[in-house]
Amino acid sequence: MKIFLDTSNVDEIKEGVELGLVDGVTTNPTLAAKEAGKGKTFSEVIKEILAITPGPVSVEVVATDYENMMKQALKVSQLGSNAVVKIPMTLDGLKAIKSLKEKRIPVNCTLIFNPLQALLAAKSGAEYVSPFVGRLDDIGEDGMQIIDQIKTMFVNYGIGTKILVASIRNPVHVLRSAVIGADVVTLPFDVLKKLPSHPKTDEGLKRFLDDWKKVSPSGEFPL
Ligand code: E4P
């Protein structure tokens, strides 16, 4: 399963890439707006993200009508070979996805909240579908259930569109995504940093080091 970072923050992406855990990035207008006022233009930030990320970077259009979505999508696709156009799940969006597929421009269809939306995006030619699990949990639904259903549908029909689990809030979302067989999870940086942690790991490490100090009080490693 690929791990993407769900951020527009260049420092977080650099750190994630150095850890060797980041395969790609997803941005959205909310995440981009958080970086505004830090001395770089939107265009500079996106170009830097594209340059430092080893894989796909989703950049979302903000137009809602087909013509303007297409204009913005073409601009995004010209930014770099790893640029993926993020298009919202609407009728105009589906039409744009079809046109972009014909031009071989990869699309991540965003704001998916039920399995049929994912099926339509796949039929239109999306490279990725982004179901938002956390926002479904927020309203009392089980977000991960739709990942399971999308996976079943895509297997049933041999659909190659990748399932990119979005709106992830915690490591359990990541675990359940992997068990279901999702292709990608996109994580806020704080969730990525939680993944390697376990209290028994910390406790075990402390005990090993305390025991070692009994024979080597300076903690020296005599090899
Ligand atoms: C997906 O690509 C979106 O950027 C993101 O996962 C939304 O998550 P949120 O519900 O935490 O805003």
Side-chain angles (χ1 to χ4, degrees), residues 1-13 16 21-36 42 45-46 49-50 53 55-64 69 72-73 76-77 79 82-90 93-94 96-97 100 105-115 117-118 120-122 124 126-147 150-151 161-178 180 182-195:
M1 185 171 67
K2 302 266 189 210
I3 295 179
F4 290 3
L5 268 188
D6 197 25
T7 185
S8 292
N9 184 287
V10 168
D11 292 335
E12 290 181 348
I13 297 167
L21 293 173
V22 172
D23 304 300
V25 166
T26 53
T27 67
N28 67 37
T30 303
L31 294 170
K34 278 191 197 163
E35 301 307 307
F42 173 70
V45 171
I46 294 297
I49 293 173
L50 284 159
T53 305
V57 176
S58 294
V59 182
E60 189 161 343
V61 299
V62 290
T64 53
M69 271 185 188
Q72 293 180 3
V76 169
S77 76
L79 289 175
N82 56 340
V84 172
V85 183
K86 218 171 179 190
I87 300 274
M89 164 48 64
T90 60
L94 288 171
I97 293 169
L100 292 165
I105 294 173
V107 170
N108 171 1
C109 183
T110 191
L111 291 169
I112 289 195
F113 291 91
N114 75 42
Q117 291 178 316
L120 294 182
S124 300
E127 175 93 5
Y128 299 92
V129 286
S130 286
F132 279 38
V133 295
R135 292 192 197 183
L136 284 169
D137 291 357
D138 291 345
I139 58 163
E141 295 186 27
D142 178 11
M144 289 309 300
Q145 203 182 6
I146 74 163
I147 305 303
I150 294 169
K151 178 72 185 178
T161 299
K162 298 177 188 76
I163 303 171
L164 190 166
V165 184
S167 187
I168 282 186
R169 303 271 195 262
N170 55 57
V172 177
H173 282 145
V174 182
L175 171 65
R176 289 181 68 188
S177 298
I180 290 167
D183 301 280
V184 188
V185 284
T186 189
L187 311 179
F189 195 49
D190 68 309
V191 175
L192 178 74
K193 284 192 292 186
K194 280 181 193 161
L195 294 183

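When a ligand or atom number is given, it counts from 1 through the structure's own listing order.
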**Student:** Knowing that exactly one of N108, T27, T26 qualifies, which makes a side chain to side chain donor-acceptor pair (under 3.5 Å) with S58?
**Tutor:** N108

**Student:** Which residue holds the protein heavy atom closest to atom 8 (O) of ligand 1, what is that atom called, and what is the gap in Å?
**Tutor:** S167 CA, 3.3 Å

**Student:** Could you identify the single nearest non-hydrogen protein atom to atom 4 (O) of ligand 1 and state the distance to 0.1 Å?
**Tutor:** N28 ND2, 2.7 Å

**Student:** Counting non-hydrogen protein atoms only, what is the nearest one to atom 12 (O) of ligand 1? Give residue, atom name and distance.
**Tutor:**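 For atom 12 (O) of ligand 1, the nearest protein heavy atom is R135 NH2, 2.8 Å.
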
**Student:** Please report the closest heavy-atom contact between A63 and Q72, naming both atoms and the distance.
**Tutor:** N-OE1, 3.0 Å

**Student:** Can you tell which of R169, E60, K86 gets a heavy atom nearest to atom 1 (C) of ligand 1?
**Tutor:** K86

**Student:** Checking a contact table here: which protein heavy atom is nearest atom 5 (C) of ligand 1, and how many Å away?
**Tutor:** D6 OD2, 2.9 Å

**Student:** Picking from V85, I97, I87, what satisfies side chain to side chain contact (heavy atoms under 4.5 Å, CB included) with C109?
**Tutor:** I97

**Student:** Taking N or O atoms only and a 3.5 Å limit, does S130 qualify as a polar contact for ligand 1?
**Tutor:**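 Looking only at distances, the answer is no, because the N/O contact criterion of under 3.5 Å is not met.
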
**Student:** I'd like to check which ligand 1 atoms, numbered from 1 as shown, lie under 4.0 Å from a non-hydrogen atom of F132.
**Tutor:** 1 (C), 3 (C), 7 (C)

**Student:** List the steps and the verdict of side chain to side chain contact (heavy atoms under 4.5 Å, CB included) for F4 and D23.
**Tutor:** CA-CA 5 Å; F4 290 3; D23 304 300; 4.0 Å; yes

**Student:** Please assess V174 against K194 for the test side chain to side chain contact (heavy atoms under 4.5 Å, CB included), listing each intermediate value before the final yes or no.
**Tutor:** CA-CA 11 Å; V174 182; K194 280 181 193 161; over 6 Å; no

**Student:** Which ligand 1 atoms does A166 reach within 4.0 Å, using its non-hydrogen atoms?
**Tutor:** 1 (C), 6 (O)

**Student:** Does either side chain, that of E12 or that of T7, offer a donor lying less than 3.5 Å from an acceptor on the other one?
**Tutor:** yes

